[in-house]
Amino acid sequence: MSRAGSLLLTAVLAVPLTGAAAGRTLTSVGSDTLGELMLAWAHDYSAEQPEVRFQIRTPGSATAPAALASGAADLGPMSRAMNATESADYRIRRGRDPGRIRIAFDAVAIFVHPDNALPALRLSDVARIWAAGPACTAAPIAERWSDLGVAMPVLAAQPLLRLGRNTASGTFEFFQESALCSGRYRADVVQFPGAGAIVAAVARQPNAIGYAGLGHVNGLVRLVPLRRADEAASLPDAANVISGRYPLTRSLYLYFNRADDGRPDPVTAAFLRFALSSAAQDTAVRHGFVALPAADVSLELGQLQ
């Protein structure tokens with residue numbers, strides 16, 4: 001994400017205040033992956049409900065639980081589920097579990113420079129690239145592109161330049177758990193606070209390989225198909241993501257605080273219902289995510305009753 005985009009995300013969207021919710025600001029703190037989508041939803045929602053303001057910050061999914069628990073946020077977008085430690089801390093501080101709804105599906109994509117002929121990867125190969133040790137496989141660590149079967153003379157002997165997200169990112173944790181079998185990352189992985197910067201870096205470096213949420217990937221890089229064991233490799237298109245055929249598929253969440261009756265406050269609940277609307281789901285698709293099927297939308301709406 002550009003510096004200008006980040007500044008936009010931290011600004012309060014100034015809209016007129018009228019009606020019963022006059023003066024109410026919904027504060028969102030969390031995922032960088034979901035930052036641009038949250039900003040787009042805030043603009044669209046403000047057009048319908050001009051009495052509600054939004055303040056959106058995107059330091060990473062790991063910041064959402066504490067911000068919600070302290071009351072500093074009304075909404076906690078996360079590109080992964082809260083872990084056990086975060087949930088336990090939230091319960092200690094708030095006396096109950098947080099609420100959450102799924103808002104879309106996503107995939108973590110692996111990508112290389114457009115000139116890189118790497119055809120596909122197994123999940124075990126992904127661990128060979130980013131993991132510090134044999135967490136998922138006993139196969140040796142991939143050090144050079146020839147170790148992954150790339151025979152291009154200009155690339156085969158070059159060392160892998162491994163790029164990834166920083167520790168505040170939900171994508172960092174999801175990838176560690178799902179692709180590295182919860183093993184440690186290599187010390188030489190270059191970490192970035194934003195997914196867009198990884199895509200830009202891979203586009204400039206022919207020997208680089210990176211991962212990021214699908215919504216951040218553009219035509220400057222080439223997606224690498226993935227496969228489990230000896231299954232056919234697949235790309236993260238909508239059908240493969242919804243079916244789970246693509247190995248690094250995930251749900252995206254909006255967490256929220258609940259009142260004593262188990263429900264969000266009315267202003268928050270109205271926005272959550274908007275996030276599950278057809279218009280909002282279409283916006284999610286335009287931002288590179290996969291919309292929830294109708295049956296999943298019904299399930300999530302049931303949590304707001």
Main-chain N/O of [Y] paired with [X] side-chain donor or acceptor, under 3.5 Å:
X	Y	value
Gln176	Gly183	yes
Arg162	Asp188	no
Gln281	Ala291	no
Tyr246	Val108	yes
Trp130	Leu163	yes
Gln303	Gly99	no
Ser298	Ala294	yes
Arg102	Glu300	no

In this structure, would [X] and [Y] fall into the same cluster of hydrophobic residues linked by side-chain contacts under 4.5 Å?
X	Y	value
Met38	Leu272	yes
Leu252	Tyr45	yes
Val154	Val202	no
Leu34	Phe256	yes

Verdict with supporting geometry, Phe172 and Asn166, side-chain contact (heavy atoms from CB on, under 4.5 Å): CA-CA 6 Å; Phe172 174 99; Asn166 64 352; 5.8 Å; no
Test side-chain contact (heavy atoms from CB on, under 4.5 Å) on His287 and Thr33; report intermediate values, then the result. CA-CA 10 Å; His287 280 76; Thr33 294; over 6 Å; no
Assess whether a salt bridge exists between [X] and [Y], defined as any Lys/Arg side-chain N lying under 4.0 Å from an Asp/Glu carboxylate O.
X	Y	answer
Arg258	Asp97	no
Asp147	Arg144	no
Arg122	Asp230	yes

Should [X] and [Y] count as side-chain neighbours, where that means a heavy-atom distance under 4.5 Å?
X	Y	answer
Ser79	Phe174	no
Pro236	Thr249	no
Ser178	Leu248	yes
Leu121	Ile209	yes
Ile141	Arg186	yes
Asp44	Phe274	yes
Leu301	Val297	yes
Glu86	Met78	yes

Atom CG in Asp106, atom OH in Tyr253: separation rounded to 0.5 Å? 11.5 Å
Do Arg165 and Asp32 pass the salt bridge (Lys or Arg N to Asp or Glu O under 4.0 Å) test, and can you show the C-alpha distance, the side-chain angles, and the key distance before you say yes or no? CA-CA 10 Å; Arg165 293 298 309 276; Asp32 168 75; 3.7 Å; yes
Angle class for the Phe175/Tyr211 ring planes (parallel below 30°, perpendicular above 60°, tilted otherwise)? parallel
Please name the residue in the list Val150, Leu155, Leu118, Asn207 that meets the side-chain contact (heavy atoms from CB on, under 4.5 Å) test with Val112. Leu118
Start with the C-alpha distance between Ile103 and Leu292, add both sets of side-chain angles, then the distance that settles side-chain contact (heavy atoms from CB on, under 4.5 Å), and finish with yes or no. CA-CA 7 Å; Ile103 53 172; Leu292 295 177; 5.6 Å; no
One pair to check against side-chain contact (heavy atoms from CB on, under 4.5 Å): Leu26 and Phe271. What are the steps and the verdict? CA-CA 9 Å; Leu26 285 178; Phe271 178 78; 3.8 Å; yes
Holding to side-chain hydrogen bond (donor to acceptor under 3.5 Å, both in side chains), I want the full list of residues that pass it with Glu173, two or more places apart in sequence or in another chain. Arg80
Any donor-acceptor pair under 3.5 Å linking the side-chain atoms of Asn257 with those of Tyr90? yes
